[in-house]
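Written below as structure tokens is the structure these notes are about.
Values reported hereafter were calculated over all heavy atoms of this structure, with side chains retained and with hydrogens, waters and symmetry mates removed. Quick note on labels: first sequence line is chain A, next is B, and so on, each numbered from 1.
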Amino acid sequence: MTNSPPPHLDRLDLPALDEKWQRIWAERQTYRTDMDGKRPFYCLMMFPYPSAQKLHIGNAYAFTGVDVYGRYRRQRGDDVFEPLGFDAFGIHSENYAIKVGEHPAVLTARNVEYFREKQLKRLGLGVDWSHEVDTTDPRYYRWTQWVFLQLFKAGLAEHRQGPVNWCPSCLTVLADEQVVGGRCERCGSVVETRFLKQWFIKTTHYAQEMLDALETLDWSERTKLAQRNWIGRSEGALIDFRLDGCARPSVTVFTTRPDTLYGATFLVIGADNPHLDEFVGAGHRESVAAWRRGLPPTDAEPDFAVGIDLGSTAVHPLTGADLPVWAAPYVLGSYGTGAIMAVPGHDERDWQFARAHRLPIVEVITGGDVEREPWTGEGSMVNSGALDGTPSQDGRRRVVEMLEARHAGRFHVQFRLRDWIISRQRYWGPPLPIIHCPVHGPVGVPEADLPVLLPEVKDFRPLGTGVSPLAQAADWVNVPCPICGEPSRRETDVNDNFLDSGWYFMRYPSTDFDDRALDHDRTWRWLPVDMYIGGHEHAVLHLMYSRFLMRALCDLGWVPVPEPYRRFRAHGLLTFGGRGKMSKSKGNVINPDDYMARFGADTLRLYLMFLGPYLEGGEWNDDGMKGQSRFLERVWRCVQLCDSDESGDGERERRRHRTIAAVERSIEELHYNTGISALHELQRGIDGDVAAGRGRRIDARTLVQLLAPFAPHITEELWERLGEAGSVHLAPWPQHDPDLAAEPRVTIAVQVNGKLRATFDCDAGTPAEELSRLALAQPRVQEFLAGRGVRKIIPVVDRVVNLVV
RNA sequence: GCCGGGGUGGCGGAAUGGUAGACGCAGCGGUCUCAAAAACCGCCGGGGGCAACCCCGUGGGGGUUCGACUCCCCCCUCCGGCACCA
């Protein structure tokens, strides 16, 4: 090769090519999807929330990986639908707006503009922008409200009192999924329990179905596992205990170990159980009330020393024994029935509590020494009346049968998943479309009156009173009941923005229609999503909610199938500066804009896809870009210097077909890094041909086409320069023929006792006996055998011959 | 504590149970240049040897196998998630 490009080659200016082709693609609507296409393929990426920060490199990584896949499918002839939008409502944006003293509507509109125009389009995504959604646009949230009304009408949305997570800093209720380790997912404040009337979506109604359907889904295994754990199915029994000495006549507890019932020595009511007062014995009221006031706020660390005897007693349903009733914070008031039977001999926490408060510990399952430590394993039942000697596994069923006979208990399946609280006492969200009538209670806003527009208010900051700032808009709040016309009040809470994002993918195909949420034909043609790729952090939030919504809307007849995503893959995490996710606080955020301005979008895309297996993520390294930058320079030169129309050459055809196969496999399995390696090798090969004056046009075309999903701009330019008509992104993908990729000659490794001692070449497919003969004939092999007899020969065709002496 | 995923050159990483380290970065040597940069060519796990070559090597220890980065068991370690769920 010469040291500088021949004079007739233009200098490669990647940022200029980005600008040129992005403009032309927009003009020619290259990525506009034929919504009536014969081979629909719905390729989905998680839409971003345009909070104050710009998109960072992690977003670019996520989007590029999906785009490569979508582009590949498009080149293979599918009608690929690759839409994008903005999840612009929510606390993220609102809090930032409060911080900078700007209205969230102004702020998010500006951010959306920047994201779309300066970053997402700049990356060269093959997105059909004509189907963009913005969750803050009334033309979108009108239908979010419609979705809520469908759930309301179906009885899947309920206004009820309940214990809820309250963030004292964000001044709003949070969903369970937004509480991490007892703290607010967003601000880290310790979450408090409050009893408020809230809107619940009955996700638990589909708990079993969603659990069962996981088995049938083609999803990343780790994502399915996270959902399985979150739904948290457990089997056991509900057991009723009669109570004496308090207001309540009885209490029901849940246990997964009914076989240990004979070992129950006391009951514990959750300290945050809303009905705690009803369990308190006469004469204990004041001491219990004082104890309760002195409790520390919800904390992740359980303290078994904390607890109080409530002074009432429970009657054991089988033995008739009197058991003391206690209250303690180690029992959750909101899981199961909010109360437990304590079996200290066979439960870690009950044992600790019993020790701390000198309560009796009884062994009812053999296998350990319950005075020293609790035995939670299986064994034979003892101290259990007629059931003594029964294996504990069988005992579970036997005890349930006995309870059922006495009407004191029954088999029960308990889920850890709880209903989704979707009301938020904040400003920046879609108002829940409900009117509270003194006569009719909560009434849905008639669908014809949608959208319920978010009203202007003087101050959009949260009030902290448990009421949304929307309550300040008196004219807006006071309306007649849609049924009877009585003076009524609008619901002033807005919905959780996970409701906005829970159905956005259903809306994309139907954005052409303003008079319906989901067009029947479009929805039946395009749903479910064929390929969804996104971050694993949404395993139990967005991915659970959207599965619920799809299932509910399917049962109501609005969508064709209950599961929203045919395939889901969780991509890996991009890290920088050691371990951990990129975040502003760690100071390890990379801004993609600078790199695109310097090296062009193709170089960035290529490097991101090369730095590690896409499903596993990898470490960003500033110097890594150089390798791909050099590669694109070499591609630019060698492709334009190929001028031979030769086609029959066996070895170079093999190389070409081998590369097609390698790139196809790498994209289909989302191991983009190995596909790019194969392209490097092909390019080096072509470079050698060009130096010898025989670079083939067919190789140049193939290289350009295979590289196109990763580097869409330079390949489009080269395609044009090669004199090809139309866009490379719409040209038919090169066919690969396995027969033409097969090597006629292979190298056989010869091992003696498993160690490599020689190699020789032979025709592919040489039979085993012939391989053995050839291996023994190798002079080096004879040296190593040194006259020792060969005990065994293991020939493997086209691979290896192992000689055992 | 429980669950999941990892541990391979200086670094990122390759490898249907069959020649470990493809591809890229960094480094070293060379070509070109007054010089430097860029580009191009070559070398690039460790140890030994003048050399042909030899020995060791995929977190540690066992095992299965003609043959193990790959399969099985135990341990160490890193990352991520969940975490009082009765």
Distance check, C1' atoms only: B:G17 and B:U58, in whole angstrom units. 15 Å

Contact class for A:E616 (heavy atom, under 4.0 Å): base, sugar-phosphate, or nothing? nothing

Which nucleotide in B:C66, B:A26, B:G18 has an atom nearest any side-chain atom of A:K626: B:A26

Rounded to the nearest angstrom, tell me the gap between atom CD in A:Q352 and atom P in B:A86. 17 Å

Are any side-chain N or O atoms of A:Q628 and backbone N or O atoms of A:L604, one a donor and one an acceptor, separated by less than 3.5 Å? no

Is the shortest side-chain N to carboxylate O distance from A:R773 to A:E770 below 4.0 Å? yes

Picking from B:G24, B:C84, B:A86, the nucleotide nearest the side-chain atoms of A:F610 would be B:G24

Could you state the atom-to-atom distance from CH2 of A:W620 to P of B:G12 in whole Å? 16 Å

Categorize A:L225 for me: base, sugar-phosphate, or nothing, with a 4.0 angstrom heavy-atom threshold over every strand shown. sugar-phosphate

Which one is paired to B:C23, where only Watson-Crick or G-U wobble pairs with both distances under 3.5 angstrom count? B:G12

Relative to the 5' end of RNA chain B, which residue comes earlier, A:R665 or A:L611, by the nucleotide with the nearest heavy atom? A:L611

Determine the Euclidean distance between corresponding C1' atoms of B:U64 and B:A83; express it in Å to zero decimal places. 38 Å

B:C53, B:C82, B:C66: which one has an atom nearest the side-chain heavy atoms of A:R780? B:C53

Which of A:V268, A:L261, A:V251, A:L323 passes side-chain contact (heavy atoms from CB on, under 4.5 Å) with A:M341? Answer is A:L261

Taking the P atom in each of B:G80 and B:G47, what is the distance between them to the nearest angstrom? 35 Å

Identify whether the glycosidic angle of B:G9 places it syn (within 90° of 0) or anti. syn

Look at the aromatic rings of A:F498 and A:H538 and report parallel, tilted or perpendicular, splitting at 30° and 60°. perpendicular

Using 30° and 60° as the class boundaries, would you call the ring planes of A:H736 and A:H657 parallel, tilted or perpendicular? tilted

I need the CZ-C1' distance between A:F710 and B:G24, as an integer number of Å. 15 Å

d(NE2, A:H536; P, B:G4) in whole Å: 13 Å

Of the listed nucleotides (B:G18, B:C53, B:C40), which one gets closest to any side-chain atom of A:V796? B:G18

Pairing partner (Watson-Crick or G-U wobble, both distances under 3.5 angstrom) of B:G57: none

Measuring from the side chain of A:P613 (C-beta onward, heavy atoms only), which nucleotide among B:A86, B:G13, B:C56 has the closest atom? B:G13

Take atom CZ in A:R228; do more than 12 heavy atoms of anything else shown fall under 6.0 Å from it? yes

What's the gap between B:G57 and B:U70 when it is taken at their P atoms, as a whole Å value? 14 Å

When you measure only distances, ignoring hydrogens and angles, does the side chain of A:D623 come within 3.5 Å of the base of B:C25 through a donor and an acceptor? no

Looking at the side chain of A:H680, which of B:G18, B:G24, B:C54 is the nearest nucleotide? B:G24

Side-chain ion pair, A:E743 and A:R745, N-O less than 4.0 Å: no

So which nucleotide does B:U65 pair with, by the Watson-Crick or G-U wobble rule with both distances under 3.5 Å? none

Winner on side-chain proximity to A:N673, out of B:G24, B:G67, B:G13, is B:G13

Cationic N near anionic O, under 4.0 Å, A:D218 to A:K224: no

Let me know, please, whether A:E681 or A:G627 comes out on the 5' side of the other along RNA chain B by nearest nucleotide. A:E681

Scan A:R791 against the nucleic acid and name what it touches under 4.0 Å (heavy atoms): base, sugar-phosphate only, or nothing. nothing

Using a heavy-atom cut-off of under 4.0 Å over every strand shown, decide if A:T747 touches base, sugar-phosphate, or nothing. base

Check whether any side-chain nitrogen or oxygen of A:S234 sits under 4.0 Å from OP1 or OP2 of B:A86, and answer yes or no. yes

Complementary nucleotide of B:U70, counting Watson-Crick and G-U pairs under 3.5 Å: none

What distance, rounded to whole Å, do you find between the two P atoms, one in B:C84 and one in B:G18? 45 Å

Sugar-phosphate only, base, or nothing, as touched by A:V253 at under 4.0 Å among non-hydrogen atoms: nothing

So which nucleotide does B:A39 pair with, by the Watson-Crick or G-U wobble rule with both distances under 3.5 Å? B:U31

Among B:G18, B:A86, B:C40, the one nearest A:R799 by side-chain distance: B:G18

For A:R684, answer base if it contacts any base atom (sugar-phosphate contacts may also be present), sugar-phosphate if it contacts only those atoms, and nothing otherwise; contact means non-hydrogen atoms under 4.0 Å. sugar-phosphate

Which nucleotide in the list B:U19, B:A86, B:C41 gets nearest to the side chain of A:A749? B:U19

Nearest to the side chain of A:N802 - B:C3, B:U19, B:G18? B:G18

Is the distance from OP1 or OP2 of B:C53 to the nearest side-chain N or O of A:K755 less than 4.0 Å? no

B:C78 and B:G60: how far apart are their C1' atoms, nearest whole angstrom? 15 Å

How far, in whole Å, is B:C28 from B:G9 if one measures between their C1' atoms? 15 Å

CH2 of A:W636 versus C1' of B:A39: gap in Å, rounded? 18 Å

Under 3.5 Å on both distances, the Watson-Crick or G-U partner of B:G1: B:C82

Would you please confirm or rule out a distance under 4.0 Å between OP1 or OP2 of B:A26 and any side-chain N or O of A:R630? yes

Do you know which of A:Y672, A:F710, A:F599, A:W620 makes ring-ring contact (aromatic ring centres under 6.0 Å, His included) with A:Y607? A:W620

Provide the distance between the two C1' atoms, one in B:C75 and one in B:G21, to the nearest whole Å. 27 Å

